Amino acid sequence: MSSDARRANTPHYWLMKSEPETFSIDDLKRRRREPWDGVRNYQARNFMRDDMRPGDRVFFYHSNCALPGIVGIAEVATDAYPDPSQFDPHSPYFDPGSTREQPRWMLVEVKFVKKLRRTISLDELKRHDALTGMPLLRKGNRLSVMPVGAAEWNYILQLE
DNA sequence: GCCAACGTTGGC
DNA sequence: GCCAACGTTGGC
């Protein structure tokens with residue numbers, strides 16, 4: 001995504017995966033706002049660091065569970081800043097190769113917007129020809145943070 | 001629990 | 001810079 005696109009001040013749309021056993025949409029609802037820590041993939045980091053802005057909308061996706069799919073909507077609440085967990089030796093996300101002077105990993109905070117009335121499952125998403133171009137549905141995709149096109153965002157919203 | 005797909009690491 | 005080995009993700 002270009003910085004020119006950002007200057008146009010158009011909202012951007014994202015999808016962020018979380019394992020519900022670790023952090024679910026209900027957890028986000030309860031806590032209202034949460035630092036999205038633990039992302040340790042450079043492409044996902046770059047999306048958060050370079051392209052996300054406060055106000056962008058996010059599909060909250062449950063992965064690695066009985067019914068993987070989109071379960072809610074969140075909103076980017078901050079610009080990116082260094083993920084504190086990378087400096088914490090007791091954190092599972094500790095990165096001994098990162099320094100406070102040159103932090104390797106960034107996060108944004110996200111806030112709860114709403115839960116969908118139902119889960120729009122991965123299986124259901126795959127059945128819509130209009131969505132086959134989504135990064136989420138690309139074979140072998142493992143990104144935990146990825147962009148969603150405006151057309152796809154609106155299409156999925158009306159599936160609910 | 002299995003395993004395909006992918007990213008990272010490190011020897012050379 | 002190559003690439004084999006290894007680790008992780010995440011659907012099934």
Side-chain angles (χ1 to χ4, degrees), chain A residues 1-2 12-31 34-52 56-76 80-110 112-149 151-153 155-160:
Chain A
M1 199 170 305
S2 71
H12 283 100
Y13 303 105
W14 305 94
L15 182 143
M16 297 171 91
K17 295 179 182 175
S18 185
E19 302 192 11
E21 284 191 19
T22 305
F23 190 79
S24 70
I25 187 69
D26 290 320
D27 293 325
L28 183 63
K29 181 176 185 180
R30 190 158 43 242
R31 295 164 72 142
E34 188 74 4
W36 203 264
D37 64 1
V39 171
R40 294 294 180 269
N41 171 282
Y42 288 106
Q43 204 179 344
R45 178 206 65 184
N46 292 348
F47 284 137
M48 289 197 291
R49 186 190 61 190
D50 302 334
D51 298 320
M52 278 190 177
D56 284 358
R57 290 267 156 151
V58 178
F59 281 139
F60 194 110
Y61 179 96
H62 279 174
S63 66
N64 207 9
C65 57
L67 187 63
I70 296 168
V71 294
I73 294 172
E75 185 179 310
V76 176
Y81 62 88
D83 179 344
S85 68
Q86 70 196 303
F87 308 123
D88 176 4
H90 302 296
S91 167
Y93 305 127
F94 177 60
D95 182 349
S98 186
T99 66
R100 290 183 185 275
E101 292 69 31
Q102 293 209 310
R104 187 176 285 170
W105 304 110
M106 308 287 279
L107 58 71
V108 298
E109 294 182 16
V110 302
F112 178 80
V113 174
K114 65 179 251 189
K115 240 181 116 165
L116 298 189
R117 292 186 291 273
R118 65 183 187 88
T119 299
I120 302 176
S121 71
L122 176 63
D123 185 62
E124 176 178 353
L125 294 170
K126 283 177 178 170
R127 294 200 299 266
H128 290 271
D129 290 340
L131 302 176
T132 52
M134 287 185 77
L136 176 70
L137 303 182
R138 245 190 19 241
K139 186 179 176 184
N141 176 43
R142 299 181 312 171
L143 267 183
S144 63
V145 176
M146 69 189 88
V148 174
E152 289 147 347
W153 177 273
Y155 186 93
I156 291 168
L157 278 186
Q158 57 86 34
L159 293 177
E160 185 192 4

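All chains are named by letter (A, B, ...) in the order of the sequence lines, taking the proteins before the strands, and each is independently numbered beginning at 1. Since the model is a prediction, treat every value here as computed from it, not as a measurement.
Salt bridge absent: A:Asp83 and A:Arg45 never bring a charged side-chain N and a carboxylate O closer than 4.0 Å. Taking 4.0 Å as the cut-off between side-chain N and carboxylate O, A:Glu34 and A:Arg31 count as a salt-bridged pair. Salt-bridge formation is not detected for the pair A:Lys126/A:Asp123: no Lys NZ or Arg NE/NH1/NH2 atom is positioned less than 4.0 Å from an Asp or Glu carboxylate oxygen.
Boundaries of the chain A contact region on DNA chain B are B:dA5 to B:dT8, first to last in 5' to 3' order (nucleotide atom under 4.0 Å from a heavy atom).
For A:Glu152, the side-chain hydrogen bond (donor to acceptor under 3.5 Å, both in side chains) test picks out no residue, with sequence neighbours left out.
When the nearest nucleotides of DNA chain B are assigned to A:Asn64 and A:Gly140 by heavy-atom distance, the more 5′-ward of the two goes with A:Asn64.
With A:Trp14 as the fixed residue, the ring pair (Phe, Tyr, Trp, His ring centres under 6.0 Å) test singles out one of A:Phe59, A:Phe60, A:Phe47: A:Phe47.
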